[in-house]
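Keep in mind that what you see is a predicted model, and the values were worked out from it rather than measured. Residue numbers start from 1 in every chain, and the chains themselves are labelled A, B, ... in the order their sequence lines are given, proteins ahead of strands.
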Number of protein chains: 2
Amino acid sequence: MASFGKYIKTEREKKGWSQTEFGALIKINTPAISRIENDKKRLSVAKLELLAELFKTDYIQLKDRYFADKFAKEAYEYKCSEKVHALAETQSSYIREINSKQGKMKF
Amino acid sequence: MASFGKYIKTEREKKGWSQTEFGALIKINTPAISRIENDKKRLSVAKLELLAELFKTDYIQLKDRYFADKFAKEAYEYKCSEKVHALAETQSSYIREINSKQGKMKF
DNA sequence: GTATTTTTGCTATAATTGGGTAAAATTAAA
DNA sequence: TTTAATTTTACCCAATTATAGCAAAAATAC
C-alpha cells in the first residue's frame with residue numbers, strides 16, 4: 001500500500017484534476033498540495049472529511065489510512081521494532097476496555 | 001497492559017523512589033512526573049534511554065511500549081477503527097521494503 | 001518555444017508540547 | 001490531630017512543530 005501522499009496523487013489524477021484545481025476544492029494552495037503528495041507535509045486531519053467527499057470514498061477508511069500512514073512513519077523515524085503496532089493494538093484494546101467500564105478518558 | 005504513565009509509576013514504586021527522588025534522577029521536576037504518571041503529559045522521547053537505564057530494562061522494548069501507547073491514544077482520540085494498527089503494520093512493511101531497495105527516506 | 005503544471009525556497013504565524021513555579025490537596029507519621 | 005512528606009492542580013513559558021502563503025525555479029505538456 002502506497003503512502004498517503006501517493007494515494008492522494010493517484011486519486012486526484014483519476015479525477016483529472018491539476019494540483020491547483022484540487023487545491024481550490026480542498027482550500028489548500030498548490031505548493032502545499034505538492035508537498036502533501038510527496039509526503040513532505042501532512043494534510044491536516046480537519047480536511048479528511050472533505051477529502052472523503054471529494055474522492056467519494058468512506059471517511060472512516062480514509063481516516064484509518066491516514067493514521068496508519070502517520071504511525072508507520074513515526075515508527076520508522078524512531079526505529080521502533082516490527083512489534084510496535086501489535087503492541088499498540090493491545091494497548092488500544094486496553095483503552096477501549098477501561099473506557100467501556102468506567103466513563104471517561106483521563107488523557 | 002497499563003498505560004505508559006502507570007508503567008512508570010509502578011516501576012518507580014518498585015524502586016522505592018518518591019516522585020521527587022525519581023525526578024532528580026531523570027532531571028524532571030516533581031509536578032511533571034505526576035502529570036506523566038497520570039498520562040496528562042508525555043515523557044519526552046529524549047529521556048527514554050536514561051529511563052531504560054534507571055529501570056534497568058531494555059531500551060528497544062521500552063521505546064516500543066512508549067510509541068505503542070502514543071499510537072493507541074491517538075487512535076482512540078481520533079476514533080480510528082480497530083483495524084488501524086494492522087494497517088499501520090502493513091504500511092510499515094511497505095516503508096521498510098522501499099527503503100531497503102532504494103537508499104533514502106524522503107519523508 | 002511557450003504554456004501549464006509541479007516543485008522548491010523562504011518567510012510569517014499559529015498551535016502544540018514538554019517542562020517550570022507556586023500553591024493546594026492528599027497521605028503518612030508522630 | 002497536627003505535622004511532615006508526597007502528590008496533584010493551576011497557571012505560565014520557551015521551544016519546537018505545523019500551516020500556509022508567495023515567488024520563482026524546474027519539469028512536463030502542447
Side-chain angles (χ1 to χ4, degrees), chain A residues 2-51 54 63 66-67 69-71 73-78 102 104-107, chain B residues 2-52 54 62-63 65-67 69-78 102 104-107:
Chain A
S3 70
F4 198 75
K6 291 303 159 229
Y7 165 75
I8 288 182
K9 187 186 175 80
T10 305
E11 292 304 309
R12 172 180 64 77
E13 287 174 342
K14 274 190 201 165
K15 298 279 184 191
W17 295 329
S18 72
Q19 290 182 345
T20 305
E21 289 171 314
F22 173 56
L25 291 169
I26 203 168
K27 278 150 204 103
I28 297 177
N29 60 38
T30 317
I33 299 291
S34 168
R35 279 188 266 256
I36 289 166
E37 290 188 348
N38 291 293
D39 299 291
K40 290 175 179 170
K41 173 181 169 340
R42 175 159 288 290
L43 182 76
S44 88
V45 190
K47 302 275 188 189
L48 285 179
E49 221 165 330
L50 178 52
L51 186 68
L54 292 173
K63 194 168 57 175
Y66 176 92
F67 281 101
D69 181 272
K70 187 167 190 283
F71 298 162
K73 278 173 184 158
E74 204 168 338
Y76 182 83
E77 185 183 349
Y78 288 99
Q102 354 165 344
K104 279 273 173 56
M105 276 285 280
K106 2 67 172 308
F107 45 80
Chain B
S3 70
F4 197 76
K6 291 303 160 229
Y7 164 75
I8 288 183
K9 187 186 176 80
T10 304
E11 292 304 308
R12 172 180 64 78
E13 286 172 343
K14 275 189 199 167
K15 298 277 182 192
W17 295 330
S18 72
Q19 291 183 344
T20 304
E21 289 170 316
F22 173 56
L25 291 170
I26 203 167
K27 279 150 204 104
I28 297 177
N29 60 33
T30 316
I33 300 291
S34 168
R35 281 185 293 247
I36 289 166
E37 289 187 350
N38 290 295
D39 299 292
K40 289 173 178 170
K41 291 279 165 161
R42 171 161 293 286
L43 181 75
S44 86
V45 190
K47 301 275 188 190
L48 285 179
E49 222 165 330
L50 179 52
L51 187 69
L54 292 173
L62 190 74
K63 193 167 58 174
R65 210 176 214 279
Y66 177 92
F67 282 100
D69 180 274
K70 187 167 190 282
F71 298 161
K73 278 174 183 156
E74 203 169 336
Y76 181 83
E77 185 184 348
Y78 289 100
Q102 351 168 344
K104 279 272 174 51
M105 275 286 280
K106 15 30 170 340
F107 43 83

Donor-acceptor pair between A:D39 and A:S3 side chains, under 3.5 angstrom: yes
Nearest-Å distance for atom pair CG/C1', residues B:D39 and C:dG19: 17 Å
Interatomic distance where CD1 belongs to A:I36 and P belongs to C:dT8 [whole Å]: 14 Å
B:F71 vs A:K70 side-chain heavy atoms within contact, under 4.5 Å: no
A:S34 side chain near C:dT7 phosphate (N/O to OP1/OP2, under 4.0 Å): yes
Nucleotide C:dT6, atom P - distance to CD of A:E37 in whole Å: 7 Å
B:K73 vs B:E77, salt bridge (Lys or Arg N to Asp or Glu O under 4.0 Å): CA-CA, chis, key distance, verdict: CA-CA 6 Å; B:K73 278 174 183 156; B:E77 185 184 348; over 6 Å; no
Aromatic B:F4 / basic B:R65 pairing, under 6.0 angstrom, 45° off normal: no
Geometric cation-pi criterion, B:R12 with B:Y7: 6.0 Å, 45°: no
Residue of the set A:I36, A:I26, A:L54 for which side chain to side chain contact (heavy atoms under 4.5 Å, CB included) holds with A:K47: A:I26
Side-chain N or O of A:R12 closer than 4.0 Å to phosphate OP1/OP2 of C:dT5: no
Student check: side-chain heavy atoms of A:L25 and A:L50 closer than 4.5 Å: no
Proximal nucleotide (of C:dG19, D:dA20, C:dT7) relative to the A:K41 side chain: D:dA20
Contact check, side chains of A:K6 and A:N38, non-hydrogen atoms, under 4.5 Å: yes
Options D:dT19, C:dG20, C:dT7, nucleotide nearest the side-chain atoms of A:S44: D:dT19
Side chains of A:I8 and A:F22 in contact at under 4.5 Å (non-hydrogen atoms): yes
Distance test, side-chain N/O of B:N38 to OP1/OP2 of D:dT7, below 4.0 Å: no
Distance in angstrom units between A:R42 CZ and D:dT17 P, rounded: 15 Å
Nearest heavy-atom neighbours spanning A:Y78 and B:K63: O-NZ, 2.8 Å
Whole angstrom value for the distance that separates C1' of C:dT16 from CD of A:E74: 14 Å
Whole-Å distance separating the NZ atom of B:K15 from the P atom of D:dT6: 19 Å
Whole-Å gap separating P (D:dC12) and NZ (B:K40): 18 Å
N/O-N/O pairs, protein side and nucleotides 21-28 of chain C side, under 3.5 Å:
none

Heavy-atom closest contact (B:E21 atom, B:G16 atom, distance): OE1-O, 3.7 Å
A:E11 vs A:L51 side-chain heavy atoms within contact, under 4.5 Å: no
Rounded distance in Å - CD1 (B:I33) to P (C:dG20): 9 Å
Check nucleotides 26-30 of chain D for protein N or O atoms closer than 3.5 Å to its own N or O atoms and list the pairs.
none

Residues touching DNA chain D, which here means a heavy atom under 4.0 Å, drawn from residues 19-27 of chain A: none
